[in-house]
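Since this is a predicted model, take the numbers as computed values, not measurements.
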Amino acid sequence: MSKRVFLNLEQRIEILRQHENGKSARKLAELFYCGRTQINKIIKEKDLILKEYEDFKFHGVKRMRYEKYVDINEAVLEWFKTVRTKKIPVSGPMIQHKAKELADALGIENFSASNGWLD
């Protein structure tokens, strides 16, 4: 069993191009030194990968990460800008506390303003 190889976006696009030209998943797996399961997943997610490539042009990115709490992040950013324009110093725990308050106000459950979220 081979180790999982992380393919960047350009490599995934190349896999899709070669698959359209008739190469099998097995041949592509050999060519890119990864598993057939990974190739099949890339083929299955073709539309999403092509959209990301056209919209964002993340060249060299291996993993796409998505924001889970977009509403909270935007609300906290607006609060942060407002507070900083008033020259009030802001700390990490203050941001986390405000994020938790905003999550409650927005009705978002299971939100944890952890250190990982803050980073």
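For the side chain to side chain donor-acceptor pair (under 3.5 Å) test, residues two or more places apart in sequence or in another chain that qualify with Asn115 are Gln96. Residues meeting the side chain to side chain donor-acceptor pair (under 3.5 Å) test with Lys41, sequence neighbours left out: none. With sequence neighbours excluded, no residue forms a salt bridge (Lys or Arg N to Asp or Glu O under 4.0 Å) with Glu109. With sequence neighbours excluded, the residues that form a side chain to side chain donor-acceptor pair (under 3.5 Å) with Glu101 are His97.
With rounding to the nearest 0.5 angstrom, the CD atom of Glu45 is 14.5 Å from the NZ atom of Lys51. Here CG of Leu9 is found 9.0 Å from CG of Leu50. Values are rounded to the nearest 0.5 Å. A distance of 8.5 Å separates CD1 of Ile39 from CG of Leu31, quoted to the nearest 0.5 Å. We find the CG-CD1 distance between Leu7 and Ile42 to be 5.0 Å, quoted to the nearest 0.5 Å. Put simply, CG on Leu102 and CG on Asn73 are 10.5 Å apart, with the number rounded to the nearest 0.5 Å.
When all heavy atoms of Leu16 and Ile43 are compared, the pair lying nearest together is CD2-CA, 3.9 Å. What you find for Asn8 and Glu10 is that their closest heavy atoms are OD1-N, 3.1 Å. A pairwise comparison of heavy atoms in Glu20 and Lys46 identifies OE2-NZ, 2.7 Å as the closest pair. Across all non-hydrogen atoms, the minimal contact from Trp117 to Ala99 is CH2-CB, 3.4 Å. Arg36 approaches Ala29 most closely through the heavy-atom pair N-CB, 3.8 Å.
The side-chain heavy atoms of Phe32 and Gln38, taken from C-beta on, include no pair separated by under 4.5 Å. Inter-residue side-chain proximity for Asn40 and Lys44 is flagged as unmet; no heavy-atom pair is nearer than 4.5 Å. At a threshold of 4.5 Å between non-hydrogen side-chain atoms, the residues Met94 and Lys98 do not count as touching.
Note on residues 9-31: no pairs pass ring-ring contact (aromatic ring centres under 6.0 Å, His included), not counting sequence neighbours.
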Using atom types as modelled, flag every donor-acceptor pair under 3.5 Å from a side chain in residues 76-84 to any protein atom, sequence neighbours excluded.
| from | atom 1 | to | atom 2 | distance (Å) |
| --- | --- | --- | --- | --- |
| Thr82 | OG1 | Glu78 | O | 2.9 |
| Arg84 | NH1 | Ile88 | O | 2.8 |

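The closest donor-acceptor contact from the side chain of Lys100 to the backbone of Phe111 lies under 3.5 Å.
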